[in-house]
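Worksheet: one structure, shown below.
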2 protein chains.
Amino acid sequence: MKKEITIYDIAENVGLSPTTVSRALSNHPRVQETTRKKIVDAAKSLGYQSNIFASSLRKRKSKSIGVIVPRLNSPFQSSVLAGMEKIATQSGYNLVISQSMESLEKEISNTEIMYNSRVDGLLVSKAGTTDDIDHFLPFFKKEIPVLFFDRTPEKNNCTGVVINNTQAIYDATEHLIKQGCKRIVHALGNLQINVYADRLKGYKYALMDHGFVFDAENVISIELDEEAGERITKKILKMHPRPNGLLVSNDTSAASCLMALKKRGIRVPQDVAIVGFNNDLISRMVEPHLSTVNYPSYHMGEVAMKNLINHLDDEHEEILQKTNTITLRSELIIRDSSKRYGDSG
Amino acid sequence: MKKEITIYDIAENVGLSPTTVSRALSNHPRVQETTRKKIVDAAKSLGYQSNIFASSLRKRKSKSIGVIVPRLNSPFQSSVLAGMEKIATQSGYNLVISQSMESLEKEISNTEIMYNSRVDGLLVSKAGTTDDIDHFLPFFKKEIPVLFFDRTPEKNNCTGVVINNTQAIYDATEHLIKQGCKRIVHALGNLQINVYADRLKGYKYALMDHGFVFDAENVISIELDEEAGERITKKILKMHPRPNGLLVSNDTSAASCLMALKKRGIRVPQDVAIVGFNNDLISRMVEPHLSTVNYPSYHMGEVAMKNLINHLDDEHEEILQKTNTITLRSELIIRDSSKRYGDSG
DNA sequence: ATGAAAGCGCTAACAG
DNA sequence: CTGTTAGCGCTTTCAT
């Protein structure tokens with residue numbers, strides 16, 4: 001391996017000390033402009049590449065941020081990541097990304113890897129299985145900031161960026177009630193995940209507030225994938241009376257429900273009104289278009305990253321450190337899949 | 001800041017030298033089992049965390065791999081990334097991800113960042129604008145492997161993982177011809193991107209082989225986003241005779257075409273047969289279901305990463321170094337959007 | 001099987 | 001504004 005060009009080589013070349021070279025290269029104010037110029041030129045002509053390992057070792061900072069998501073391959077998550085990447089790159093941070101595949105075991109292992117990689121901060125959307133956060137303890141102890149987004153642990157001492165899931169589903173449920181739905185089924189994911197637990201609450205509250213009786217049979221907890229529609233539809237068709245309102249907690253599954261229902265000759269929204277969640281592309285491509293909850297995913301990525309970085313860069317102010325929860329605005333988008341009485345909301 | 005626990009502390013604690021501790025912790029064979037155990041236990045009880053900066057500085061390896069994609073937020077790319085992440089994590093590599101936003105300028109800047117971050121290898125799907133690869137020169141010079149996937153530069157000295165785009169569209173075009181389409185329009189992205197240039201070739205060859213005359217008017221080069229369908233449809237409707245076959249180079253746009261056509265009362269596939277590209281979820285959710293080309297995106301991620309890592313880990317064998325191109329299998333999936341004569345392919 | 005010593009390349013006190 | 005010095009924590013000869 002060829003020898004690396006170091007600041008010592010540059011120093012020798014320009015007849016200055018390594019310190020000055022180091023300062024010049026990192027735009028330290030106390031270096032004369034002419035000196036800096038000379039150094040920068042020499043660096044370029046010698047083909048110098050700063051050694052980030054040495055720099056990190058000395059500064060105890062990696063300038064990188066870890067992100068752990070349940071799955072990389074999801075319209076929602078990839079949109080969040082896009083927002084995060086934009087801000088991180090702008091601010092000079094690298095993004096180290098891994099996925100937990102919805103498994104706590106993998107999340108723990110990923111967390112350890114991130115810790116050992118010495119990321120300056122960690123952004124996490126929790127895997128479903130449990131509410132365990134012991135594996136973040138090393139981060140807490142070392143005061144490396146951990147910020148949760150979307151799927152946050154229940155323990156309320158963790159900073160998180162979320163939407164108001166309860167309110168979102170409250171609104172959706174109320175909308176279906178106003179559309180004349182008498183039996184409303186709510187299909188959602190693993191109830192150990194706060195996101196779904198909160199949505200269930202919103203559903204219950206809305207029913208209550210409108211004089212409906214909550215019936216556990218109307219709650220279907222299921223993996224919300226592409227095939228979910230078939231499974232949900234089969235369950236619905238066995239119910240008496242047959243449900244005429246359906247809340248499905250993501251658009252992929254909502255779209256797949258729509259298809260499964262239509263395949264059986266059941267009309268949407270006349271026989272069953274459907275509301276999805278996320279406002280993914282697909283909600284605008286199926287017919288009828290899906291009513292859904294607009295989830296500001298890209299924005300969530302931006303906000304989460306911006307807060308983390310502010311926290312890292314503001315060495316003095318620790319204002320954000322004690323911010324508990326940042327709630328982003330989400331809103332119900334009403335489209336044809338749930339409009340049973342003309343255009344009314 | 002509290003003092004870090006180092007191998008010196010462990011050494012002192014167990015009465016051995018730092019060298020032995022280092023060896024024990026990295027599973028060097030020449031350490032007695034009992035000694036290793038003692039060291040590992042001490043490390044644990046002292047709360048030791050290996051300092052990866054020091055280790056990287058010494059070993060000149062970061063154990064991380066950079067990935068640059070045009071956009072994080074795309075069903076195709078996120079699926080590729082998921083495949084990459086799986087393999088990288090398995091092999092003990094971190095994934096540093098950034099997006100070029102389809103801009104050469106950002107790609108160049110991202111490449112520099114990756115270089116300065118000292119990634120052990122780089123995986124790139126090129127931004128569209130040009131075929132420029134000068135910004136990878138520093139990698140080539142230092143013999144840091146760069147592997148392209150999907151969108152590869154034309155210069156044929158770059159290793160790449162691809163599908164046979166020409167063949168894929170050849171098959172799709174032939175299929176439409178066999179379905180009785182007399183005028184076939186091909187909508188694709190920026191023709192400076194090899195992927196689209198190759199597809200155009202496949203389209204031309206298929207026309208030629210079936211006695212059709214190629215007409216440049218039938219090629220629409222356009223940004224393939226959610227709104228593309230409207231733009232494509234407007235163009236088609238101005239053509240005489242009206243096209244009755246349509247190849248759209250991604251499923252999002254193909255689906256949006258489908259909708260735009262249906263909105264205008266044009267029947268698919270009877271009036272216009274459509275074939276998309278990628279086999280995204282959406283192709284199975286619109287009606288009629290989209291015929292499309294199955295693009296093994298997840299697999300492409302796995303293969304690209306596996307090859308890169310093999311290259312990195314096999315210090316002796318440099319077999320893969322001279323592999324030029326790995327072509328993955330893709331295949332036409334025929335669904336209702338292009339079936340004009342019953343079930344025939 | 002274990003240890004001593006040197007150095008990877010940088011930055012931050014401190015001094016001038 | 002510039003320089004001297006020391007050390008971040010690890011791995012790796014080379015020696016025993």
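A, B, ... follow the sequence lines: proteins, then strands. Residue 1 opens every chain. The model shown is predicted, which means the values in this text are computed figures rather than measured ones.
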Please determine whether a side-chain nitrogen or oxygen atom of R60(A) lies at a distance below 4.0 Å from atom OP1 or OP2 of dG9(D). yes
Check the distance between dC8(C)'s P and K61(B)'s NZ and give it to me in whole angstrom. 17 Å
Protein-nucleotide distance (F53(A), atom CZ; dT11(D), atom C1'), rounded to Å: 14 Å
May I have the step-by-step check of side-chain hydrogen bond (donor to acceptor under 3.5 Å, both in side chains) for N13(A) and Y48(A), ending in yes or no? CA-CA 12 Å; N13(A) 186 282; Y48(A) 170 74; over 6 Å; no
Please determine, for the side chain of K59(A), which listed nucleotide (dT11(C), dT11(D), dC8(C)) has the closest atom? dT11(C)
CG of D9(A) versus P of dC8(C): gap in Å, rounded? 11 Å
Length of the line joining E4(A):CD and dC8(C):C1', which is rounded to integer Å: 10 Å
Scan R30(A), K37(A), R36(A) and name whichever one has a salt bridge (charged side-chain N to carboxylate O under 4.0 Å, His left out) with E33(A). R36(A)
Is the shortest distance from a Lys or Arg side-chain nitrogen in E102(B) or R151(B) to a carboxylate oxygen in the other one below 4.0 Å? yes
Short side-chain N/O contact from S22(B) to OP1 or OP2 of dC10(D), under 4.0 Å: no
Identify which one of N310(A), V303(A), L308(A), I309(A) satisfies the side-chain contact (heavy atoms from CB on, under 4.5 Å) criterion when paired with K306(A). N310(A)
Do E107(A) and H135(A) get their side chains close enough for a donor-acceptor pair, meaning under 3.5 Å? yes
Between dT11(C) (C1') and Y8(A) (OH): distance, integer Å: 9 Å
Mind checking whether V80(A) and Y298(A) have side chains closer than 4.5 Å, heavy atoms only? no
Atom pairs under 3.5 Å, N or O on each side, protein against nucleotides 1-4 of chain C: can you list them with distances?
residue: dT2(C); atom: OP1; partner: T35(B); partner atom: OG1; Å: 3.0
residue: dT2(C); atom: OP2; partner: Q32(B); partner atom: N; Å: 3.1
residue: dG3(C); atom: OP2; partner: S17(B); partner atom: N; Å: 2.7
residue: dG3(C); atom: OP2; partner: S17(B); partner atom: OG; Å: 3.1
residue: dG3(C); atom: OP2; partner: T20(B); partner atom: OG1; Å: 2.7
residue: dG3(C); atom: N7; partner: R23(B); partner atom: NH1; Å: 3.4
residue: dG3(C); atom: O6; partner: R23(B); partner atom: NH2; Å: 2.4
residue: dA4(C); atom: N7; partner: T19(B); partner atom: OG1; Å: 3.4
residue: dA4(C); atom: N6; partner: T19(B); partner atom: OG1; Å: 3.0

Check whether T6(B) reaches the backbone of Y8(B) with its side chain - one donor and one acceptor, N or O, closer than 3.5 Å. yes
Near DNA chain C, counting only heavy atoms under 4.0 Å, which residues of residues 39-48 of chain A show up? Y48(A)
Terminal axis angle for the helix from dA1(C)-dT16(D) to dG16(C)-dC1(D), five pairs an end, nearest 10 degrees: 20°
In terms of side-chain heavy atoms, does S117(A) have a donor or acceptor partner in N94(B) at a distance below 3.5 Å? yes
Test: E4(B) and K142(A) ion pair at under 4.0 Å: yes
Distance, rounded to the nearest Å, where R58(B) contributes CZ and dC10(C) contributes P: 15 Å
Mind calculating the distance between CD (E12(A)) and P (dT2(D)) to the nearest angstrom? 19 Å
Is it true that F148(A) and F136(A) have ring centroids separated by less than 6.0 Å? yes
Whole angstrom is fine here: how far is it from CG in N51(B) over to P in dC8(C)? 18 Å
Could you check whether S22(A) and T19(A), counting side-chain N and O atoms only, form a donor-acceptor pair closer than 3.5 Å? no
